[in-house]
Structure formats: structure tokens, C-alpha cells
*Asks:* 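Sharing a structure, written as C-alpha cells. Questions coming.
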Amino acid sequence: MRSLDFLLAAETEEQVEKIGETELLVGIPSYNNASTISHVVQAVIVGLAKYFPGMRAVLVNSDGGSTDGTPALVANASVDFEGLLISAQESPLQKIVTSYLGIPGKGSAFRTIFEIARRLQAKACAVVDSDLRSITPEWMELLLGPIVFEGYDYVAPYYLRHKYDGTITNAIVYPLTRALYGVRIRQPIGGDFGFSGKLAEHYVEKDVWNSEVARFGIDIWMTTEAIASGARVCQSFLGAKIHNPKDPARDLSNMLMEVMGALFFLMEEHQDIWSQLEGSNPVRLFGFQYQVALEPVHVNVDRMLQSFHQGLADLAPIWEKILSPSVLDSLRQVQSLSPKAFRIADEVWAHVVYDAASAYHHRAIAREHLLKALTPLYLGRVASFVLETQGLTSSEAEERIEMLCQTFENEKPYLLSRWYSFSS
Amino acid sequence: MELLETFIQTAVLEPLQIMGSRLLAFVPNLLAMVVILLIGVFLSWLGAHLVERILRVLRIDPLSQRLGLTAALVRGGVKIPPSMLAGRIVYWVIMSLSIVAALTVLRWEPVNKLTESLFAYIPYFLTALFIIAGGFLLSNFVAQAVLIAAVNASLPPARLLASCTRWGIQLAAIAMALEQLGIAETIVVVGFGIAFGGVVLATAIAFGLGAKDLAKSFLERRFSPHPEERSQDDLRHL
């Protein structure tokens with residue numbers, strides 16, 4: 001059901017009316033990204049001119065009230081096509097630079113983009129982050145091409161990442177999404193997506209814009225909603241993703257709360273779908289795959305282990321309300337191991353995540369407390385993964401993640417039993 | 001003989017008559033008191049039963065378990081579920097009111113005065129009860145939040161911080177409740193102010209002297225303009 005409180009700014013309404021229709025639409029959400037947004041906009045302009053020269057296209061910048069001149073940079077960004085050996089785009093690119101309405105967050109920025117796509121009856125859309133440093137014009141071909149030429153509805157990104165980059169994705173989001181919905185989308189919360197106009201309309205019709213989705217969790221919501229709605233889903237290989245570091249003040253427990261909160265919220269929404277599914281299927285991957293040197297990632301395992309041990313000592317009364325006694329026993333046994341031998345087994349970790357999801361569903365404790373209390377457990381699992389994969393290549397580490405995903409799939413009956421009859 | 005008759009009349013029969021007439025006048029009041037008491041017993045039972053059933057339908061017992069209220073009651077020696085406890089409270093509140101109402105019927109001046117005072121005190125008593133209950137629930141919730149935040153920030157005295165938070169809020173609630181009840185208002189406020197101020201001062205001194213390195217490190221981490229320089233690892237979680 002569509003909420004009725006959403007309107008575009010008057011100026012944007014006029015601009016949309018003037019443009020009328022478009023075939024392609026690229027959205028860029030932003031908030032104080034002056035240092036990177038010009039590069040992103042230029043890559044989009046070049047990509048559209050190079051790969052979709054005869055098609056009408058609109059670039060939408062949905063800004064959250066930047067004070068560093070980000071919208072002006074978008075409006076003024078231009079490209080010297082001759083220098084790039086590209087004949088100029090046949091249909092000039094239209095730009096809409098607008099401030100989004102609604103509660104602050106990436107979700108509200110995306111809502112504005114979806115709404116404009118709906119009004120312009122766009123056939124294919126893409127969204128890219130405004131802090132990207134590694135975006136190239138080819139990203140436009142890879143995100144829009146499968147929709148325009150192959151009839152797909154949703155394109156998820158596939159990045160090359162260091163084995164210790166994106167640990168929440170590797171330890172929780174990918175295994176859980178894959179086990180729940182039966183599709184192997186490697187980067188469900190990548191941030192750069194392609195989607196059809198039909199799917200954009202589906203998104204904007206959903207009544208989630210005053211919920212947690214509008215503030216955070218829009219990435220996993222888009223992916224899950226695409227799968228759950230039966231859309232044709234694929235992936236595109238985008239190479240390495242290099243972007244500005246996220247806000248350092250945003251601490252891990254908040255990040256974890258946002259991602260896991262959105263995942264569990266969606267589990268409640270779609271329990272009729274995921275409870276029926278077993279196993280998983282590969283998802284088609286577009287794009288030429290290649291290897292690049294990745295930035296090294298330094299990890300402080302001792303600090304993570306210390307956090308896990310403190311959690312076990314201090315948060316035990318809370319964990320007792322979330323985890324089953326057998327899982328808690330397994331974690332207590334791990335505690336006695338030496339730092340080098342420290343391991344949280346895949347099965348135990350899968351049970352931890354499934355117990356947490358069930359406890360969230362049954363409101364075993366206040367939800368915010370539940371999600372934040374998982375931080376030491378998550379750090380323990382990351383430490384275990386790092387200790388286990390030290391010295392392994394990225395592809396060998398990827399095999400370990402594949403094994404974890406398999407365990408999540410095998411243990412799905414455990415989730416079903418806990419989800420429907422929770423007791424701690 | 002006449003003298004004896006007069007004596008019997010004035011000294012024995014008249015007092016007996018007066019006592020008899022007073023007794024006769026008192027009997028209806030006594031009966032009314034018994035009736036009010038019986039109605040009170042019935043209403044108490046009905047009210048308690050209704051409250052208990054409604055709270056069970058509203059699943060207050062599992063909720064209390066999640067909020068830690070049941071565990072706290074058990075620690076305090078109350079081994080019945082909160083719904084039953086609420087039922088019993090309602091029973092004794094209605095029963096007490098019935099007893100007071102029944103005594104009023106007897107029209108004894110001291111009892112009437114006592115009744116008026118008791119009725120005037122009821123709103124304060126209920127307010128105090130709400131403050132205590134609210135303070136207790138709030139203290140558990142906030143203490144849990146503090147414990148989780150402190151563990152996630154790797155602060156070693158996480159449990160101590162959580163306990164201090166719990167006791168601080170509960171003490172504040174008790175002080176406010178006693179103030180509502182009008183019990184030693186000044187002493188409670190002053191006592192609480194001194195105790196709370198003392199705790200804050202002691203904590204500040206202890207933190208400043210005993211944990212200045214920890215404070216320095218915390219402030220550096222919090223306000224350093226170059227967070228990447230102080231980062232011990234560059235793990236990217238998302």
C-alpha cells in the first residue's frame with residue numbers, strides 16, 4: 001500500500017513534468033560528498049553516452065541537505081567527450097538535482113529516485129553511491145545492460161574484495177540471505193544496483209518509508225524485495241570497489257544493529273516465502289572477470305577476542321534469553337581455548353544467527369538491546385574466521401565462506417523449529 | 001420501699017433502657033457494616049479475579065519475564081506470577097476500602113476522621129506506587145542498555161556501571177515516592193542529594209585519579225581529528 005504523505009519538491013515536480021518520459025534513469029544519493037561526486041557523475045555521463053547513445057536518460061541527484069556544495073558540483077559536472085574518443089550522446093542527458101523529503105537517510109533518498117523513475121516511466125534504472133572512487137563508465141553498461149538487453153529486473157553488484165573486507169556481508173548477510181531465499185547473490189548490500197522501472201514502481205508502492213528501511217537497511221530491503229516479488233535477478237562483475245571510508249564515529253554495534261535489524265524485519269515480512277524454500281541456486285553473473293591487487297587489510301584479532309570474552313562474562317544473562325542452552329554451552333567451551341586454537345564452528349555460528357532471528361521475532365528482549373548485544377559474538381566469529389584463513393588466498397577464503405553458506409542451508413530446519421517455537 | 005423503687009428506676013432500669021435503646025439504634029448500623037463487609041469481600045474477589053484474567057489475556061506474565069520483573073520479584077521473595085500479584089493487590093485495596101467504608105457506618109468520630117484521612121491519602125499512595133513500578137522498569141531497561149554499551153566499548157567495569165545505573169534510578173524513584181507520601185520530605189530530598197552528589201564526586205575523583213590513562217585514551221578516541229591514525233585495524237565490516 002502506498003503512503004499518501006510523499007510529495008516531490010515543487011521545483012522537481014515542474015522539472016519532471018517538463019521532461020515527461022525517459023528510458024534510463026541513474027540515481028545518486030548524496031550527503032556532503034563534494035570530494036568524490038564529480039568523478040561519479042562524470043563516470044555516469046560517459047557510461048550513458050558510450051553504451052546507450054540513442055537512449056533518453058536522466059540523472060537524479062537526491063541530496064540530504066549537503067553544506068559543502070555537492071548539489072552544485074552535480075549540476076555543473078560535464079565531460080569532454082572528444083578527449084575520451086566518444087561521439088557526444090545523441091540525446092542529451094537531463095539532470096534533476098533535488099533535496100529529498102522525509103526522514104533523513106539513504107532510504108528516503110532512494111524513495112525520491114524511485115518516485116521520479118515512476119513518474120518518468122523509466123524502463124531501466126541504476127543507483128550508485130556518491131563516495132565511489134573506483135566507478136568507471138563500464139558500471140553503467142553492467143548495471144543497466146542486463147535490464148535493457150536481457151530482460152532482467154534486478155542487477156546486484158559483484159565486487160572483488162579483500163578476504164577481510166565486508167565481514168558483516170561474509171559472516172551474516174550473504175549466508176543468511178542465500179539460505180533464506182535460495183539465491184546466491186554474493187553482495188546483497190553492495191550499494192550499487194540496477195533495476196527495472198517496473199521494480200522501481202513496486203518499491204515506491206511499498207509502505208515502508210516511515211520504518212527502519214527509510215533510515216537504514218535500504219540495500220538489503222531492495223535485494224530481498226526483488227527476490228520475494230519474483231523479479232528476475234542477476235549479478236554484474238564491477239571489479240574492485242574503492243570508496244571513502246564510512247563515518248568513523250558510526251560504531252560497529254550501530255552498524256550491526258542496522259543491518260541485522262533490517263534482515264530480521266524482512267524475515268518477518270516474508271516468512272511465508274522463505275519457510276517453504278530449501279537449498280539455493282546460482283545467479284547469473286554478467287561482465288568480464290579479472291583480478292586486481294587489493295588494498296591490504298590489517299586486523300587486530302586480540303582486540304576482537306577480548307571483546308568476545310568480555311561479552312561471555314558480562315552479557316551472559318542477556319545471551320541466555322537469546323541463545324539456546326546448547327549454543328551457549330558451545331560458546332563457553334570455546335572460551336577455554338588458547339587464542340591460536342580459538343574457533344567458533346560454522347554450525348554454532350549458524351545457530352547463533354538463527355537464535356537471534358527467532359529471539360527478535362518473539363521479542364525475547366527489547367529489540368535494540370538484542371541486536372547490540374550480538375556485537376561481541378560477531379567479533380568472536382570474525383576473529384575465528386581470520387585465524388582460520390590466515391595465509392589463505394582470497395579464493396581459498398572464498399571456499400570457506402562457501403562452506404559456511406552450505407552450513408546455513410543445512411541448518412535451516414533448526415531455524416524453522418526455533419522461529420515457530422522459541423524458548424531460551 | 002419507694003426510695004428503693006426510685007433507686008432501682010434511676011440507677012438500674014434507666015441506664016439499662018438507655019443502653020437498650022442505644023443498642024437497638026446500633027444494631028442496624030452493625031448489620032449495615034456486616035452487609036458492606038460481605039459486599040466488599042465479594043467485590044474484592046471479583047475485582048482480583050477480573051484483573052488477573054485480563055492480565056493473563058494480555059500476556060503480562062511473559063512480558064514481565066522478558067523485562068526482568070519476574071526474576072526481580074523472585075529475588076525479593078515473591079514467587080507468584082505478576083498477574084496473580086496484581087490480582088492480590090487489587091483484592092486487598094478493595095478489601096481495605098470496604099473495611100474503612102464499613103467502619104464509617106458506625107459513625108464513630110475517631111473512625112470517621114481516620115477514614116477521611118485515609119481516603120485523602122489514597123491518590124498519593126497510588127502515585128507513589130506508580131513511581132516505584134515505573135522506576136523499577138526504567139532502571140532495568142537503562143541498566144541493560146548501559147551494560148551492552150559498556151561491553152561493546154570494551155570498558156572493563158561494565159557490570160559495575162550497569163549496577164550503579166540501576167541503583168541510581170531505583171533510589172531516585174524511592175526518593176520521589178517517599179516525597180509523594182509526605183514521609184520525611186526534607187530528609188529524603190537532602191539525603192538523596194547528598195548521596196547522589198557524593199557518588200558523582202567520588203566517581204569523578206576515582207576516574208580522574210585512578211583511571212586517568214583510560215580517560216585520556218577514551219577522550220582521544222572520541223575527539224581525535226585523525227581517527228585513521230589511532231585505528232588499531234582497518235577492518236571494514238560492511
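Note that these values count all heavy atoms, side chains included, but never hydrogens, waters or copies made by symmetry. Chain letters run A, B, ... following the sequence lines, proteins first and then strands; every chain starts at 1.
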*Asks:* Got more than 12 heavy atoms from elsewhere within 6.0 Å of OH, B:Y121?
*Replies:* yes
*Asks:* To the nearest 0.5 Å, how far apart are NZ in A:K372 and CD1 in B:I148?
*Replies:* 8.5 Å
*Asks:* Looking at every heavy atom in both A:P376 and B:V151, which two are closest together, and how far apart are they?
*Replies:* CG-CG1, 3.9 Å
*Asks:* Among all residues two or more places apart in sequence or in another chain, which pass the salt bridge (Lys or Arg N to Asp or Glu O under 4.0 Å) test with A:R332?
*Replies:* A:E320
*Asks:* So for atom CZ, which belongs to B:F125, do other residues, nucleotides or ligands contribute more than 12 heavy atoms lying within a distance under 6.0 Å?
*Replies:* no
*Asks:* Taking all non-hydrogen atoms of both residues into account, name the closest pair between A:H369 and B:A145 and its distance.
*Replies:* NE2-CB, 3.4 Å
*Asks:* By a 4.5 Å heavy-atom criterion (distance strictly below it), what part of A:H362 contacts chain B: side chain, backbone, both, or neither?
*Replies:* backbone
*Asks:* Hey, could you give me the OG/CG distance between A:S307 and B:N152, rounded to the nearest 0.5 Å?
*Replies:* 6.5 Å
*Asks:* Using 0.5 Å steps for rounding, measure from the CD atom of B:Q144 to the NZ atom of A:K321.
*Replies:* 5.0 Å
*Asks:* Output all residues satisfying ring-ring contact (aromatic ring centres under 6.0 Å, His included) with A:Y158, sequence neighbours left out; order by chain, then residue number.
*Replies:* none
*Asks:* Where do A:Q310 and B:A158 come nearest, in terms of heavy atoms and distance?
*Replies:* NE2-CB, 3.9 Å
*Asks:* Mind checking the CG-CG spacing from B:L155 to A:D314? Nearest 0.5 Å is all I need.
*Replies:* 10.5 Å
*Asks:* Side chain, backbone, both or neither: which part of B:P62 has a heavy atom under 4.5 Å from chain A?
*Replies:* neither
*Asks:* Hey, is CZ on B:R88 packed in by over 12 heavy atoms from elsewhere, all under 6.0 Å?
*Replies:* no
*Asks:* So which part of A:I365 gets closer than 4.5 Å to some heavy atom of chain B, the side chain, the backbone, both or neither?
*Replies:* both
*Asks:* Show the numbers, then the answer: is there a side chain to side chain contact (heavy atoms under 4.5 Å, CB included) between A:L315 and B:L147?
*Replies:* CA-CA 8 Å; A:L315 297 182; B:L147 178 67; 3.8 Å; yes
